[in-house]
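Taking it in order: structure first as structure tokens, then the write-up.
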Amino acid sequence: MKIKTDYLVIGSGIAGLMFALKAASYGKVTIITKAALDESNTKFAQGGIASVMYPPDYFEKHIEDTLRAGDGLNDEEVVRMVVTQAPERIKELIELGVEFDKKDNGQFELGREGGHSFHRILHHKDNTGQEIELKLIDRVRNHPDIEILENHFALDLITQHHLGYPVSYCQDNIVCFGAYAQDVKTGQIKTFLSKITYLATGGIGNIYQTTTNPSIATGDGIAMAYRAKAKITHMEFVQFHPTALYNPGERPAFLITEALRGFGAKLRNSKGELFMESYHPLGDLAPRDIVARAIDNEMKKHGVDFVFLDATHIPKAELKSHFPHIYEKCLSLGIDISKDMIPVVPAAHYSCGGVKVDHTGKTSIENLYAGGEVAATGLHGANRLASNSLLEAVVFAHNSALASKDLIKDINYQTEIPDWDDEGTRLLEEMVLISQEFKELQQIMTNYVGIVRSNLRLHRALKRLEILYHETEEIYERSTINQRICELRNAINVGYLITKMALRRKESRGLHYNVDYPYKLKENRFLS
Ligand code: FAD
Ligand code: SIN
């Protein structure tokens with residue numbers, strides 16, 4: 001079955017929805033998303049969205065904070081562009097119905113998070129992501145030029161490769177003609193032919209044992225783009241959020257927002273001692289990579305599985321009004337955060353690397369754009385500054401829609417694309433193998449490619465990943481298409497890219513820390 005659309009948007013988090021709303025002014029948009037429309041990392045965002053709003057804050061300071069966190073690998077032009085566009089994009093979100101908390105005097109109540117010099121985080125209580133996601137969904141659902149297909153799992157991007165051209169023929173000029181996707185409910189595989197394809201598939205958290213990401217985050221977009229031969233970069237920079245609630249078995253791990261530390265909460269080790277001041281002058285509000293490593297070190301030093309976040313000195317009424325979601329969640333587990341310290345542990349949270357794009361969101365493949373967490377725009381460098389990713393998604397959705405506006409008139413559909421061929425395959429019966437291999441992948445990545453790395457661990461990971469890769473490919477080749485095996489395949493692919501890029505970086509920088517190279521090289525190397 002072939003479906004033609006001007007814009008094919010893959011994913012329905014903030015990046016996909018915002019791009020869809022903008023692109024719909026220039027053509028017909030089809031959104032495909034692998035689960036329900038609101039299933040996304042976006043929905044889980046707590047802290048908020050960063051933007052300079054009032055003096056004494058100013059653009060240069062937000063730029064400086066972003067560059068400092070990024071540890072020498074940001075693209076400064078991109079940082080400047082994103083930071084200075086922020087107030088305009090925030091205004092648009094508000095026009096679309098998003099509500100941010102205000103003070104009695106009518107000004108926005110701005111939060112502060114790690115690495116930020118000023119209060120500059122616009123937020124909606126402690127569930128900003130849900131507010132944004134639901135308001136955007138409302139707009140998208142009511143737009144006459146946007147079609148929404150939920151439970152549609154994108155399998156692969158379509159390029160000349162699917163016309164039977166050898167890879168060498170099109171290596172320098174790969175063109176994207178759309179994507180194959182499976183209707184998960186019926187099993188039918190559809191061929192989507194598009195003029196522009198917008199990849200907005202989000203993050204990768206589920207390749208690790210503990211993650212703040214919901215189950216949709218399996219790195220599908222990065223793996224699809226990699227298979228299509230797009231440039232992928234900076235995968236070694238996986239951000240671990242320092243403070244997920246320690247509650248073994250809970251998946252995704254519940255986040256305790258950094259804004260709580262911005263509000264005065266302090267980290268304490270298992271002996272009840274404050275420790276962050278001895279790791280960084282900014283103490284509990286140091287950049288995330290430093291806080292996560294400090295916690296990792298304290299846990300290892302004391303042989304324990306978590307540290308504590310202490311908010312007991314903050315008045316109960318303040319905790320309940322500013323962090324109602326966290327207050328209730330902890331209470332449901334018997335932790336009254338106004339009296340009890342919160343057990344916390346770092347968890348895989350965000351991928352700074354991804355599909356390499358330029359300042360318009362264009363990838364190295366013609367007619368393929370990428371935005372949001374799947375993309376590597378140059379904004380974050382080696383470590384993302386808190387609350388810069390929702391911002392990045394809206395800025396790049398805007399830039400990509402504008403850039404594609406004129407392009408779209410000159411692109412024709414490629415109608416010779418064959419439908420998906422699954423001849424000779426049979427129903428996958430060994431689901432238990434898939435779950436087992438997923439667990440193994442998570443173990444490998446957590447134990448060998450986590451917060452602290454070494455050459456020995458990385459080489460070991462690579463060897464184990466190769467075995468998993470071959471075992472999975474064997475099952476994949478002989479089975480009918482099934483979402484779970486495709487996700488596993490994608491996740492292994494992403495694990496491999498992280499490990500390979502980690503091995504190539506012979507230094508420690510930002511989120512990548514290798515005990516065999518505990519120093520930073522003078523020359524910054526942008527590896528891709
Ligand atoms: P997502 O919101 O993850 O959306 C991806 C979409 O793609 C989903 O709809 C998914 O179903 C779909 N998809 C994936 N694969 C496929 C496929 N194969 N086929 C079809 N569809 C597919 N950032 C901030 O700036 N501020 C914060 O306060 C903040 N807090 C956070 C708290 C938590 C707990 C988490 C997990 C993240 C937080 N982040 C925050 C990060 C931020 O939320 C994400 O980076 C951002 O929302 C990503 O948006 P996105 O649109 O790129 O991806
Ligand atoms: C948080 O609220 O701590 C998460 C913010 C982010 O990931 O940007």
Side-chain angles (χ1 to χ4, degrees), residues 8-19 31-51 111 113-116 121-124 126-130 132-133 136-137 149-157 179-182 184 198-206 211-224 239 241-245 252-262 288 291 323 326 347-352 354 370-375 380 384-394 396-397 483 486-487 490:
L8 175 66
V9 177
I10 311 178
S12 57
I14 188 170
L17 296 176
M18 204 62 196
F19 177 80
I31 302 177
I32 57 173
T33 191
K34 74 177 176 184
L37 195 59
D38 67 340
E39 255 331 299
S40 59
N41 275 6
T42 301
K43 190 174 74 171
F44 288 77
Q46 289 188 357
I49 179 163
S51 173
E113 295 180 77
H116 287 275
I121 319 291
L122 290 116
H123 58 95
H124 181 97
D126 56 355
N127 60 350
T128 312
Q130 183 171 320
I132 294 176
E133 182 74 13
L136 294 183
I137 283 182
L149 295 171
E150 293 174 269
N151 302 305
H152 275 63
F153 179 77
L155 300 167
D156 258 324
L157 297 168
Y180 291 114
Q182 181 177 46
V184 181
Y198 194 73
L199 198 57
T201 47
I204 59 141
N206 283 283
T211 179
T212 60
N213 294 189
S215 62
I216 51 99
T218 48
D220 300 342
I222 294 170
M224 282 191 282
Q239 185 167 72
H241 195 291
T243 56
L245 180 65
F254 183 81
L255 187 77
I256 306 292
T257 178
E258 209 161 276
L260 191 55
R261 272 178 282 138
R288 228 169 244 185
V291 184
F323 305 100
I326 292 175
H349 183 62
Y350 184 85
S351 169
C352 293
E373 194 166 336
V374 72
H380 310 307
R384 175 180 66 105
L385 184 67
S387 289
N388 262 357
S389 56
L390 294 174
L391 174 62
E392 177 191 44
V394 288
F396 275 84
Q483 178 176 346
C486 292
E487 287 177 334
N490 291 337

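Quick caveat, the model's predicted, so the values are computed rather than measured. In each ligand, atom 1 is the first atom listed, and ligand 1 is the first ligand listed.
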When only distance counts, is [X] in polar contact with ligand 2, meaning an N/O pair under 3.5 Å?
X	value
G47	yes
H349	yes
H241	yes
N388	no

Nearest non-hydrogen contact with [atom] belongs to which option: [options]?
atom	options	result
atom 41 (C) of ligand 1	G111, S389, A348, S351	S389
atom 1 (C) of ligand 2	E113, R384, R261	E113
atom 16 (C) of ligand 1	D220, L199, I31	D220
atom 33 (C) of ligand 1	E150, H349, E258, E487	H349
atom 5 (C) of ligand 1	G11, A200, S40, A375	A200

Between the main-chain N or O of F153 and the side-chain N or O of Q182, is there a donor-acceptor pair closer than 3.5 Å?
-> no
Give a yes or no answer on whether the side chain of Q239 reaches the backbone of R288 with a donor-acceptor pair at less than 3.5 Å.
-> no
Select one of side chain, backbone, both or neither to describe which atoms of [X] lie under 4.0 Å from any atom of ligand 1, heavy atoms only.
X	answer
I121	neither
E39	backbone
L255	side chain
Q46	backbone
H152	backbone
C486	neither

Supply the atom-to-atom distance I326 CD1 to Q46 CD, rounded to the nearest 0.5 angstrom.
-> 4.5 Å
Considering distance alone, does some N or O of E113 sit under 3.5 Å from an N or O of ligand 1?
-> no
Atom 34 (C) of ligand 1 - nearest protein heavy atom and its distance | F44 O, 3.4 Å
of all protein heavy atoms, closest to atom 46 (C) of ligand 1 is T42 OG1, 3.9 Å
Side chain, backbone, both or neither: which part of R288 comes within less than 4.0 Å of ligand 2 when only heavy atoms are counted?
-> side chain
Does the pair E392/R384 count as a salt bridge with the N-to-O cut at 4.0 Å?
-> no
A386 near ligand 2 by a heavy-atom separation under 4.0 Å | yes
Would you say the side chains of H123 and T128 form a donor-acceptor pair under 3.5 Å?
-> no
Residue-ligand contact H123/ligand 1, heavy atom below 4.0 Å | no
Under 4.0 Å from a heavy atom of I216: give me the atoms of ligand 1 that qualify, with their elements.
-> 3 (O), 10 (C), 11 (O)
